Each structure stands twice: as structure tokens, then as C-alpha cells.
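This report concerns only the one structure given below.
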Amino acid sequence: MRKWRVGTVSMGLSLVLLGVFLFLTQIKGAKMFEPFLVWWPIILIVLGIEIILYLFLSKQENPVVKYDFISILFVGLLGTIGIGFTVLTSTGLLTELQTLVVAEDTSFNLPSIEEKLPDNITRIVLETSDHEVEIEGSDVNQLAIFGTYRAQVNPKSKPLIVDKDNYTLTKIVGDTMYVTIKATPRHSGPFSTYMTVEPTIIVPNSVRLEVRGKRNTVALYPGSLANHWIVDGPSYVTMHVGKNNDVLLSATSRNNLQNGNVTWDSIETAKQGEDDKLNKGTLKIGNGTYHLDILNSELVSVNLVEGI
């Protein structure tokens with residue numbers, strides 16, 4: 001008579017069930033690990049039923065369960081894999097691993113903003129966070145923001161920024177519009193990810209503009225400036241100014257101002273410490289009616305351009 005060892009039936013049923021789940025997975029196009037998430041508890045049920053049946057059908061007065069250790073080891077391995085996938089899924093680590101393996105460096109378009117300014121707005125305060133931004137002046141009385149962002153994402157996942165509120169905040173207080181480009185989320189550690197936002201911001205050149213940077217790069221194209229602009233805080237500022245403009249340009253920088261193609265009217269250098277110097281340059285273009293001041297920057301580059 002053939003001897004029954006507990007575990008043999010469980011292993012056979014486990015293989016059959018695993019094969020069925022994997023077959024259905026192939027048909028439905030689901031992910032390979034999904035069967036383990038839903039199927040592994042059945043292994044324990046099958047093994048428990050087998051033990052109960054063994055004891056129930058045994059004719060011995062004090063039956064002793066005899067195990068098929070190889071089968072038990074195999075069933076235990078499958079169960080362990082299933083428990084492992086469940087733990088990884090519940091803690092979010094499985095998603096992180098998937099992103100790490102299949103993530104691609106991808107560019108997306110930012111949701112654009114076009115907002116006509118109320119007539120009483122005479123001042124815009126722009127908080128750029130640490131993003132690399134381009135700021136242009138326009139004759140049109142509206143705020144416009146567009147651009148791109150780059151991120152490491154799963155190709156099948158949805159874009160991270162789907163609405164303008166995901167990356168900007170605008171608020172009007174009195175005669176001032178406050179515009180904030182929000183900081184992007186970053187994950188550090190073994191599953192670190194990043195996202196960089198590079199917006200182009202169009203503002204009316206007839207309103208006063210205050211740009212508050214955060215050790216970032218700012219490119220300025222003021223156009224035909226018709227009000228005062230102040231740029232405070234970015235590390236690197238590049239600017240293109242038309243030769244026919246009417247601007248008094250003032251820039252302070254910790255590095256040499258002799259960048260770009262302009263010849264400054266004057267440059268003053270003041271010592272800030274043993275090896276720290278602060279350079280302040282001024283340049284008058286036209287009558288110098290409108291002021292453009294660059295403060296607290298590491299490097300400033302100014303170019304005079306024909307036709308703007």
C-alpha cells in the first residue's frame with residue numbers, strides 16, 4: 001500500500017493553482033507578481049486541509065503526522081515569496097523597486113497658464129524657488145507661464161503634473177499679484193528620484209516686477225521695459241537688453257562682472273571679508289528712466305542686443 005506523507009498533495013495542488021493563475025495572468029496581461037499577492041494564502045489552506053484529512057482518515061489510535069519535507073519546503077518557499085510580495089506592496093517598496101528598474105528620464109509639458117491681469121495690478125512678486133526660469137517682458141497685460149519639466153518616471157505611469165495648481169500658486173492682494181513656482185518633491189535614499197521644472201514666465205513690462213530667487217538660475221529678457229524690475233537671490237543671472245532700451249542697470253555680484261558683451265559705466269568693489277569681494281556695476285542705457293536691479297548674485301552676465 002502506498003504511504004501518504006503530508007505535503008505531497010499540497011505541493012501538487014499548489015503547482016496546479018500556480019499554473020492556473022499564471023495562465024490567467026498571461027491572458028489578461030496582468031503583472032507577473034500579482035498571482036503571488038492573491039494566491040499564496042491558499043497554500044496554507046490546502047496544507048491545513050491536508051493535515052486534517054490525514055488525521056481524520058488515519059486508522060491509528062494516536063496518529064503521527066509524517067511529512068514530505070521536500071514538498072513542505074517547496075510549499076513554504078512559495079508561501080514565503082507570496083508573503084514577501086505582500087510586505088513589499090503594503091510598504092510601497094514594490095512600487096519603488098518597479099520605478100527603479102523601469103524608470104525613464106522623460107520630459108513633459110507643463111500645464112500652461114494665461115491670465116489677464118486686473119487693471120488695478122501695478123506690481124508682481126515672483127517667487128521662483130530653486131528652479132531654472134526664463135522671464136520675459138511683454139506689451140500684453142497678462143501673465144503667461146509655460147515650459148517643461150523632467151522626471152524619472154515609470155513609462156506607464158501618469159504625468160506627475162497635470163494641473164497648473166500642481167506647480168504654481170497665484171494670489172492677489174490689493175494692487176499686487178503674488179506668483180509662486182512651487183518646489184518639486186524629491187525622494188532621497190536608495191530609491192531617490194528627482195523632478196526639475198523649467199518654466200518660461202511672461203509678465204507685462206509695464207508693471208513693477210520683484211523676482212525672489214533661491215540660489216537658482218534666472219534668464220531675463222525684459223524687452224521694452226516700462227517699469228522697475230528687481231531680481232534678488234539667484235546665483236546666476238543672464239540678461240539680454242535691447243540697445244534702444246531706457247534702463248539704468250545695477251548689478252551686485254561676488255564674481256567679476258565682466259561677462260557678456262557690455263562695458264559697464266562704473267564698477268565698484270568692496271571687501272566683504274578676507275577673500276570675499278562684492279562687485280557693483282552700473283550701466284545706463286538711453287535716459288535710464290527705469291531701474292533694473294540685480295542683488296545678491298554670484299555671477300551676472302549682461303548682453304546688449306540689437307532689435308529688442
Side-chain angles (χ1 to χ4, degrees), residues 117-128 132-145 172-181 200-270 272 277-308:
L117 297 190
D119 293 337
N120 66 321
I121 296 298
T122 60
R123 176 172 171 253
I124 293 177
V125 176
L126 173 61
E127 299 265 5
T128 65
E132 183 175 341
V133 299
E134 287 188 6
I135 303 170
E136 294 192 24
S138 168
D139 296 332
V140 181
N141 188 39
Q142 73 171 16
L143 171 74
I145 303 176
I172 294 177
V173 179
D175 62 353
T176 301
M177 169 179 275
Y178 294 87
V179 181
T180 300
I181 309 298
T200 297
I201 303 161
I202 313 294
V203 298
N205 51 24
S206 58
V207 301
R208 180 185 176 89
L209 176 66
E210 295 179 20
V211 180
R212 298 171 182 173
K214 191 176 181 182
R215 319 297 294 174
N216 55 328
T217 297
V218 173
L220 297 174
Y221 300 87
S224 299
L225 205 58
N227 211 316
H228 306 303
W229 282 19
I230 298 175
V231 181
D232 187 4
S235 290
Y236 183 36
V237 179
T238 62
M239 183 164 57
H240 292 74
V241 185
K243 290 184 176 179
N244 297 323
N245 228 311
D246 186 10
V247 178
L248 178 61
L249 175 63
S250 170
T252 56
S253 170
R254 288 186 174 81
N255 287 282
N256 195 334
L257 286 170
Q258 302 297 342
N259 301 291
N261 65 0
V262 300
T263 301
W264 295 87
D265 294 335
S266 66
I267 295 179
E268 298 175 2
T269 301
Q272 299 290 302
K277 292 187 299 184
L278 192 65
N279 302 292
K280 180 179 180 180
T282 57
L283 174 65
K284 186 177 180 181
I285 304 173
N287 295 322
T289 304
Y290 305 107
H291 293 193
L292 201 164
D293 299 322
I294 301 172
L295 309 172
N296 299 313
S297 292
E298 297 293 332
L299 192 63
V300 177
S301 176
V302 181
N303 291 283
L304 284 180
V305 183
E306 295 277 3
I308 61 173

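Since we're looking at a predicted model, the values are computed, not measured.
Within the structure, salt bridge (Lys or Arg N to Asp or Glu O under 4.0 Å) contacts touching residues 218-236 (residues at least two apart or in different chains) do not occur. Every pair tested for salt bridge (Lys or Arg N to Asp or Glu O under 4.0 Å) that includes a residue from residues 257-269 fails, sequence neighbours excluded, so the list is empty. Sorted by first and then second residue, the salt bridge (Lys or Arg N to Asp or Glu O under 4.0 Å) pairs with a member in residues 245-262 read Arg254-Asp276, Arg254-Glu298; sequence neighbours excluded.
The distance from atom CZ of Arg212 to atom CG of Asn296, rounded to the nearest 0.5 Å, is 13.0 Å. The distance from the CG atom of Asn255 to the CG atom of Leu278 is 10.5 Å, given to the nearest 0.5 Å. The structure places OG of Ser297 at 8.5 Å from CZ of Arg215, a figure rounded to the nearest 0.5 Å. Interatomic distance, Ser250 OG to Leu295 CG, rounded to the nearest 0.5 Å: 7.0 Å. For the atom pair Lys280 NZ and Leu257 CG, the distance stands at 11.5 Å (nearest 0.5 Å). Within the model, atoms CD1 of Ile181 and CD of Glu132 stand 13.5 Å from one another, a figure rounded to the nearest 0.5 Å.
With sequence neighbours excluded, the residues satisfying salt bridge (charged side-chain N to carboxylate O under 4.0 Å, His left out) with Arg123 are Glu210. Annotation: side-chain contact (heavy atoms from CB on, under 4.5 Å) contacts of Leu248 (sequence neighbours excluded): Lys284, His291. For Thr180, the side-chain hydrogen bond (donor to acceptor under 3.5 Å, both in side chains) criterion is met by no residue, not counting sequence neighbours. Annotation: side-chain hydrogen bond (donor to acceptor under 3.5 Å, both in side chains) contacts of Asp139 (sequence neighbours excluded): Asn205. Legend: residues meeting side-chain contact (heavy atoms from CB on, under 4.5 Å) with Val207, ordered by chain and number and at least two apart, are Ile124, Pro204. Take Ser253 and apply the side-chain hydrogen bond (donor to acceptor under 3.5 Å, both in side chains) test, not counting sequence neighbours, and it matches no residue. Residues forming a side-chain hydrogen bond (donor to acceptor under 3.5 Å, both in side chains) with Thr263 (at least two apart in sequence, or on another chain): none. Taking the side-chain contact (heavy atoms from CB on, under 4.5 Å) definition, one finds that Asp119 meets it with Lys116, Asn141, sequence neighbours left out. Evaluation of the side-chain contact (heavy atoms from CB on, under 4.5 Å) rule for Ser138 yields Val140, Ile202 as partners, not counting sequence neighbours.
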Exercise for review: Start with the C-alpha gap between Ser206 and Asn227, add the side-chain angles, then the distance that decides, and say whether side-chain hydrogen bond (donor to acceptor under 3.5 Å, both in side chains) holds.
Suggested key: CA-CA 5 Å; Ser206 58; Asn227 211 316; over 6 Å; no
Exercise for review: Please test Ser266 against Thr282 for side-chain hydrogen bond (donor to acceptor under 3.5 Å, both in side chains), starting from the C-alpha separation and ending with a verdict.
Suggested key: CA-CA 6 Å; Ser266 66; Thr282 57; 2.7 Å; yes
Exercise for review: I would like to know whether Ile135 and Val218 meet side chain to side chain contact (heavy atoms under 4.5 Å, CB included); could you show each step before the answer?
Suggested key: CA-CA 7 Å; Ile135 303 170; Val218 173; 3.9 Å; yes
Exercise for review: Decide yes or no on side chain to side chain contact (heavy atoms under 4.5 Å, CB included) for Val179 and Ile145, but give the supporting numbers first.
Suggested key: CA-CA 10 Å; Val179 181; Ile145 303 176; 4.1 Å; yes
Check your understanding: Step by step, would you call Leu304 with Asn261 a side chain to side chain contact (heavy atoms under 4.5 Å, CB included)?
Key -> CA-CA 7 Å; Leu304 284 180; Asn261 65 0; 4.0 Å; yes
Exercise for review: Please step through side chain to side chain contact (heavy atoms under 4.5 Å, CB included) for the pair Val300 and Tyr236, ending with a clear verdict.
Suggested key: CA-CA 6 Å; Val300 177; Tyr236 183 36; over 6 Å; no
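Contact between His240 and Pro222 at its shortest, heavy atoms only, is O-CD, 3.4 Å. Taking all atoms of both residues into account, the shortest heavy-atom contact from Gly223 to Asn245 is O-ND2, 2.5 Å. When all heavy atoms of Ser301 and Gly260 are compared, the closest pair comes out as OG-N, 3.5 Å. The nearest pair of heavy atoms linking Met239 to Ile294 is CE-CD1, 4.0 Å.
For the pair Leu249/Val302, a side-chain contact is recorded, criterion being any heavy-atom separation below 4.5 Å from C-beta on. Side chains of Val231 and Leu220 form a contact here, defined as non-hydrogen atoms less than 4.5 Å apart. For the pair Met177 and Leu143, the minimum side-chain heavy-atom distance is below 4.5 Å. With contacts defined as side-chain heavy-atom distances shorter than 4.5 Å, the pair Ile201/Leu126 qualifies. Looking at heavy atoms from C-beta onward, Tyr221 lies in side-chain contact with Glu134 at the 4.5 angstrom threshold. Within the 4.5 Å cutoff, side-chain heavy atoms of Leu299 are placed close to those of Asn259. By the 4.5 Å heavy-atom criterion applied to side chains, Leu292 and Tyr290 are not counted as neighbours. Put simply, the side chain of Tyr178 does not reach to within 4.5 Å of the side chain of Ile172, judged on heavy atoms.
The one candidate from Val203, Val247, Asp293 that meets the side-chain contact (heavy atoms from CB on, under 4.5 Å) condition with Trp229 is Val203.
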